[in-house]
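Structure record follows, encoded as structure tokens.
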Amino acid sequence: MEFAINDVVLVHDDKQQQQLLLKLRCSVKNYDWGRPGRDSGVATLFALNSGSQFDPDEPYAELWMGTHESGPSFVVSGGGQNEVVLTLKSWLVNNPNVLGEKVLEKWGCDLPFLFKVLSVAKALSIQAHPDKELARTLHKLQPDVYKDANHKPEMALAVTEFEALCGFIALKELKAVLHTVPEVLELVSIEDANLVLQLHDQDGEEIVKPILQAVFTQLMSAGKERVTVAVDRLISRLHKESQVRQLTDKEQLVVRLEKQYPGDIGVIAAFFLNYVKLNPGEALYLGANEPHAYIYGECIECMATSDNVVRAGLTPKYRDVDTLCSMLTYKQGSPEILRGVPLNPYVTKYLPPFDEFEIDRCVLPQGESVSFPAVPGPSIFLVAVGEGMMNPGSPKGLVVTAGDVLFAAANTEISITSASELNLYRTGVNTKFFKASQV
Ligand SMILES: [Zn+2]
């Protein structure tokens, strides 16, 4: 029996290729760090997407668009009592050709990427994501904690100003921390702290890494009572000093983090990490084994399809300090900020160094049109703001409004005309992957 899907545009172009676009119903996560419904972008988009109400007081943290089983997206057929709902994943299994040959060959019958919207009110845990090899090992040893055998590179594209901690600070800054934050020295050995102070900028990774690893591991493994004492001392010192001088950005952040996670080692660990503030339209990407914590704001996030997180601070959840401290790369210095490459006046492309995904950001003024050329892999579109018409070669076209999430099959060209200013995001497999596979 044929599964007739609502809101599908299915046409054959002049080359008789099948083009296809279908609306998805998406899952939401109410993690406690999310913004309360009344000012959460995730809550607004979820309500529009699902046609339901949101609770103004409940936190809405993440909207998931993709096939991950912890938060699947759905394809809907029929209406009312005849409504049939199928996960996108099982629909793909029945229609594998929509993924395109190269994607099928490399990743099998699934989307290689997971697309999200995040609304962050309170810091997420200090975390890192394993590489493929470690992911497989962790999944085998602790399948209940590490549910996926896949790696999880990710990219966050700021929608509002967006704050994060990301990667270790440069050596010069780290030495300054050891000189100016006495509470760190309460939790690490003086010998190892001295080894850091004796490092030179030109020292290679093989010299720096074990020393930084030793100091960071001691800090993260310190006993609960010692940590509570050190954090309390730090906060009362900063409170006193704030009467006579302006606290640095990092110190102000640390005071905020302590209010969210009192007595947590993450409050002190923040001194070791780069504090990054993204402006709307700027993006940050994270490879395997890089420590990070998102702190505040709204962003669009894309990652390889996986949910593996190794946490070690700023969290009430399970901490795996040993795994985290042993997996990190301990690379130092500021992370690269992506500002995207303009494709035309309305669309900017963000290309992280991973095969699985890229993001296009489209801001289309009222009454304008733009097209997304056909690509050899699947895409997901999110209409974040506004209203317009999508017309992939169909005589009918498809009206789209904020909250709509659409799956586009490989080789489908999408053109859009806006009825009001439209903000739209597209994710798909990285253009570089298709280029490389042509060689
Ligand atoms: Zn992460």
Side-chain angles (χ1 to χ4, degrees), residues 29 31-34 42 61-66 68 70-71 112-132 134-135 138-139 145-159 162-168 216 220 257 260-261 264 266 269-270 272-278 282-321 323-331 335-338 350 352-354 356-359 427:
K29 298 287 180 187
Y31 304 137
D32 68 347
W33 50 258
V42 166
E62 299 187 353
L63 182 74
W64 287 30
M65 299 164 279
H68 196 281
S70 301
F113 52 79
L114 175 59
F115 201 20
K116 293 183 183 176
V117 183
L118 267 60
S119 294
V120 183
K122 169 173 147 170
L124 280 72
S125 53
I126 294 181
Q127 58 186 252
H129 308 296
D131 57 24
K132 278 185 188 160
L134 179 62
L138 291 172
H139 178 62
V145 180
Y146 301 110
K147 297 198 166 107
D148 299 289
N150 194 13
H151 68 162
K152 191 196 171 212
E154 65 188 26
M155 176 162 73
L157 168 58
V159 173
F162 191 77
E163 298 171 59
L165 288 168
C166 168
F168 286 98
F216 191 68
M220 298 307 287
L257 292 177
Q260 299 174 359
Y261 299 94
D264 192 297
F272 281 64
L273 305 175
N274 296 295
Y275 180 23
V276 180
K277 288 182 190 170
L278 299 178
E282 293 181 337
L284 185 68
Y285 64 84
L286 292 147
N289 303 328
E290 295 296 340
H292 59 280
Y294 296 153
I295 293 167
Y296 187 81
E298 304 253 337
C299 78
I300 300 291
E301 200 189 17
C302 199
M303 63 209 67
T305 300
S306 168
D307 198 25
N308 276 336
V309 184
V310 182
R311 298 181 179 86
L314 304 180
T315 183
K317 292 184 187 166
Y318 173 71
R319 296 169 189 234
D320 194 344
V321 174
T323 303
L324 185 97
C325 291
S326 63
M327 72 194 264
L328 298 179
T329 63
Y330 293 96
K331 264 189 237 147
E336 184 187 6
I337 305 297
L338 298 182
Y350 298 80
F354 316 119
E356 284 89 346
F357 59 87
E358 62 181 21
I359 297 179
T427 190

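Computation of the quantities below employed the complete heavy-atom set of this structure, encompassing side-chain atoms and omitting hydrogens, waters and symmetry-equivalent molecules. Just so you know, ligand 1 is whichever comes first in the structure, and atom 1 is the first atom listed for that ligand.
Residue Gln127: an N/O/S atom is found under 2.8 Å from the Zn ion (ligand 1).
Scanning for side-chain contact (heavy atoms from CB on, under 4.5 Å) contacts around Ala135 gives Pro130, Asn308, with sequence neighbours left out. Remark: Tyr31 engages Trp33 in a ring-ring contact (aromatic ring centres under 6.0 Å, His included) (not counting sequence neighbours).
When you scan the N, O or S atoms of His129 for the one nearest the Zn ion (ligand 1), you land on NE2.
Aromatic ring centres of Tyr285 and Tyr350: separated by at least 6.0 Å.
Here the angle centred on the Zn ion (ligand 1), running from OE2 of Glu154 over to NE2 of His292, is 80°, rounded to 10°.
In this structure, Lys277 fails the cation-pi test against Tyr296, since its NZ or CZ atom is not both closer than 6.0 Å to the six-membered ring centre and inside 45 degrees of the ring normal.
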